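All values below were derived from every heavy atom in this structure, side-chain atoms included, with hydrogens, water molecules and symmetry-related copies excluded. As the structure is a computational prediction, the values presented were derived from the model and not from experiment. One-based numbering along the sequence shown.
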Amino acid sequence: MYEQETIKPYEAEGGKAAQVEQMFDHIAPTYDKLNHRLSWDIDKGWRQKAIRQLEPHKPKTLLDIATGTGDFAILAAEMLKPEKLVGADISEGMMEIGRRKVQEKGLQDIITFEKEDCLALSYPDGSFDAVTAAFGIRNFADLDKGLEEMCRVLKDGGHLSIVELTTPVSFPMKQLFHVYSHTVLPIYGRLISKDTSAYGYLTKTIEAFPQGERMVEILRKAGFREASFKRLTFGICTMYFATK
């Protein structure tokens with residue numbers, strides 16, 4: 001078991017998955033505004049870089065895991081022009097916002113949202129050309145199982161593109177990020193979202209999540225034959241790319 005798998009949003013009884021679903025349903029109305037403000041809109045560029053990893057492969061069918069309010073799914077649809085893109089998440093509150101965005105963009109014939117347990121996906125083996133995940137897999141209650149499922153639903157030769165928040169490893173960004181993530185992020189998050197726990201939980205999961213070389217080893221263990229990573233913005237974010 002990885003350290004972040006034991007971290008829950010709330011101190012109340014209940015499994016991690018149920019608490020994560022409750023948390024995201026609660027913060028859904030303010031989630032987009034907070035994400036963009038807390039990252040100074042840099043998160044938009046991170047998403048673009050992660051999608052560009054897939055451009056040479058021209059995937060026609062995509063699955064966006066932990067899709068949330070659909071920002072990554074919409075950007076992928078616009079940049080990659082797939083025939084079909086499914087956004088999967090456990091939070092109906094988040095996906096309902098995503099559905100409204102998709103309607104406004106006129107992408108409803110390409111993008112659909114489906115409530116899924118990301119540790120036990122309902123899709124058959126080899127269903128998708130590519131699987132993506134942006135800032136969501138650190139919430140998995142079982143990282144190994146989640147990645148194995150992502151690998152299972154990929155076609156042979158298919159690709160996985162992940163972008164995830166991480167902790168910088170070099171001075172002075174490591175120290176600056178620690179101060180920011182332990183003061184500004186949880187306080188501002190609490191004020192805007194009205195959730196006293198959600199953004200403190202975010203900080204804990206970032207610090208506990210496996211990253212870099214360790215994450216590459218975990219991807220290979222999950223069934224991917226090739227895996228690599230690239231740190232972005234001094235290590236605040238890391239991209240992973242893997243091939244089944």
Side-chain angles (χ1 to χ4, degrees), residues 2 4-5 7-9 14-28 31-32 35 47 50-51 54 59-77 80 82-103 107-156 158-164 198 201-202 205 209 218-219 222-224 240 242 244:
Y2 304 105
Q4 102 285 346
E5 295 175 352
I7 300 170
K8 298 179 183 179
K16 178 169 181 172
Q19 288 197 15
V20 168
E21 179 180 0
Q22 176 189 347
M23 179 190 73
F24 280 116
D25 281 345
H26 185 215
I27 67 174
Y31 180 80
D32 286 336
N35 262 15
R47 288 184 176 93
I51 293 167
L54 293 170
K60 295 301 180 185
T61 54
L62 283 87
L63 173 65
D64 186 39
I65 290 288
T67 195
T69 61
D71 276 0
F72 196 81
I74 290 168
L75 190 59
L80 298 173
E83 296 172 359
K84 170 188 173 184
L85 195 157
V86 178
D89 204 289
I90 60 170
S91 170
E92 280 288 359
M94 297 282 276
M95 288 190 293
E96 190 52 42
I97 293 171
R99 291 185 183 103
R100 293 200 293 268
K101 291 182 188 176
V102 165
Q103 286 283 343
L107 293 169
Q108 61 271 21
D109 291 337
I110 298 172
I111 301 175
T112 57
F113 293 93
E114 297 175 356
K115 185 170 182 176
E116 287 280 337
D117 176 357
C118 294
L119 306 186
L121 295 168
S122 65
Y123 312 110
D125 296 358
S127 295
F128 300 94
D129 296 323
V131 175
T132 60
F135 316 118
I137 63 171
R138 69 178 182 281
N139 295 308
F140 285 177
D142 186 330
L143 180 59
D144 287 333
K145 182 61 177 172
L147 292 173
E148 286 168 5
E149 279 292 275
M150 293 161 84
C151 186
R152 179 185 66 78
V153 300
L154 265 177
K155 296 177 182 177
D156 288 340
H159 302 283
L160 171 69
S161 182
I162 293 172
V163 60
E164 188 56 85
Y201 162 80
L202 171 66
T205 57
F209 190 72
I218 294 169
L219 285 165
F224 294 94
Y240 300 91
K244 179 176 176 178

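- Across all non-hydrogen atoms, the minimal contact from I51 to A76 is CD1-N, 3.4 Å.
- The backbone N or O of V86 sits nowhere less than 3.5 Å from a side-chain atom of T112 that would complete a donor-acceptor pair.
- When all heavy atoms of A66 and G136 are compared, the closest pair comes out as CB-CA, 3.8 Å.
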**Item:** side chain to side chain contact (heavy atoms under 4.5 Å, CB included) between F72 and T67, intermediate numbers included
**Value:** CA-CA 7 Å; F72 196 81; T67 195; 5.9 Å; no
**Message:** Let's go through E116 and S122 carefully: what are the C-alpha distance in whole Å and the side-chain angles of both, what is the deciding distance for side chain to side chain donor-acceptor pair (under 3.5 Å) to 0.1 Å, and is it a yes or a no?
**Reply:** CA-CA 7 Å; E116 287 280 337; S122 65; 2.5 Å; yes
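- Formation of a donor-acceptor pair under 3.5 Å by the K8 side chain with backbone atoms of K16 is not found in this model.
- What you find for M150 and A133 is that their closest heavy atoms are CE-CB, 4.0 Å.
- With values rounded to the nearest 0.5 angstrom, D89 atom CG is found 9.0 Å from D64 atom CG.
- Proximity of E164 to I137: side-chain heavy atoms (C-beta onward) are separated by under 4.5 Å at one or more points.
- A distance of 4.0 Å separates OG1 in T205 from CZ in R138, rounded to the nearest 0.5 Å.
- Distance check: E5 CD to N139 CG gives 11.5 Å after rounding to the nearest 0.5 Å.
- Rounded to the nearest 0.5 angstrom, F24 CZ and Q19 CD are separated by 12.5 Å.
- Between R99 and E92 a salt bridge is recorded (basic side-chain N to carboxylate O distance below 4.0 Å).
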**Message:** Walk me through whether S161 and Y240 qualify under side chain to side chain contact (heavy atoms under 4.5 Å, CB included).
**Reply:** CA-CA 6 Å; S161 182; Y240 300 91; over 6 Å; no
**Prompt:** Under the side chain to side chain contact (heavy atoms under 4.5 Å, CB included) criterion, do I65 and T132 qualify, and how do the steps go?
**Reply:** CA-CA 6 Å; I65 290 288; T132 60; over 6 Å; no
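- Minimum heavy-atom separation, L62 to P82: CD1-CB, 3.4 Å.
- Taking every heavy atom of both residues into account, A73 and L85 meet most closely at O-CD1, 3.4 Å.
- Qualifying salt bridge (charged side-chain N to carboxylate O under 4.0 Å, His left out) partners for R47, counting only residues two or more places apart in sequence or in other chains: D43.
- Separation of atoms CG (L160) and CZ (F128) is listed at 13.0 Å; rounding is to 0.5 Å.
- Under a 3.5 Å cut-off, the side chain of D129 and the backbone N or O of T61 do form a donor-acceptor pair.
- Here the side chains of P59 and L80 are in contact, with some heavy-atom distance below 4.5 Å.
- Every residue meeting the salt bridge (charged side-chain N to carboxylate O under 4.0 Å, His left out) condition with K115, not counting sequence neighbours, appears here in chain and number order: E21.
- The side-chain contact (heavy atoms from CB on, under 4.5 Å) test with K101 is passed by exactly one of L107, D32, I111: D32.
- For R152 (side chain) and G223 (main-chain N/O), no donor-acceptor pair under 3.5 Å exists by modelled atom type.
- Closest approach of I97 and A28 over heavy atoms only: CD1-O, 3.1 Å.
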**Asked** Going through the distances and angles, do D142 and Y2 end up as a side chain to side chain donor-acceptor pair (under 3.5 Å)?
**Response** CA-CA 8 Å; D142 186 330; Y2 304 105; over 6 Å; no
**Request:** Output, in order, the C-alpha distance, side-chain angles, deciding distance and verdict of salt bridge (Lys or Arg N to Asp or Glu O under 4.0 Å) for K155 and D125.
**Result:** CA-CA 7 Å; K155 296 177 182 177; D125 296 358; over 6 Å; no
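- Note: F224 CZ to I218 CD1 = 12.5 Å, rounded to the nearest 0.5 Å.
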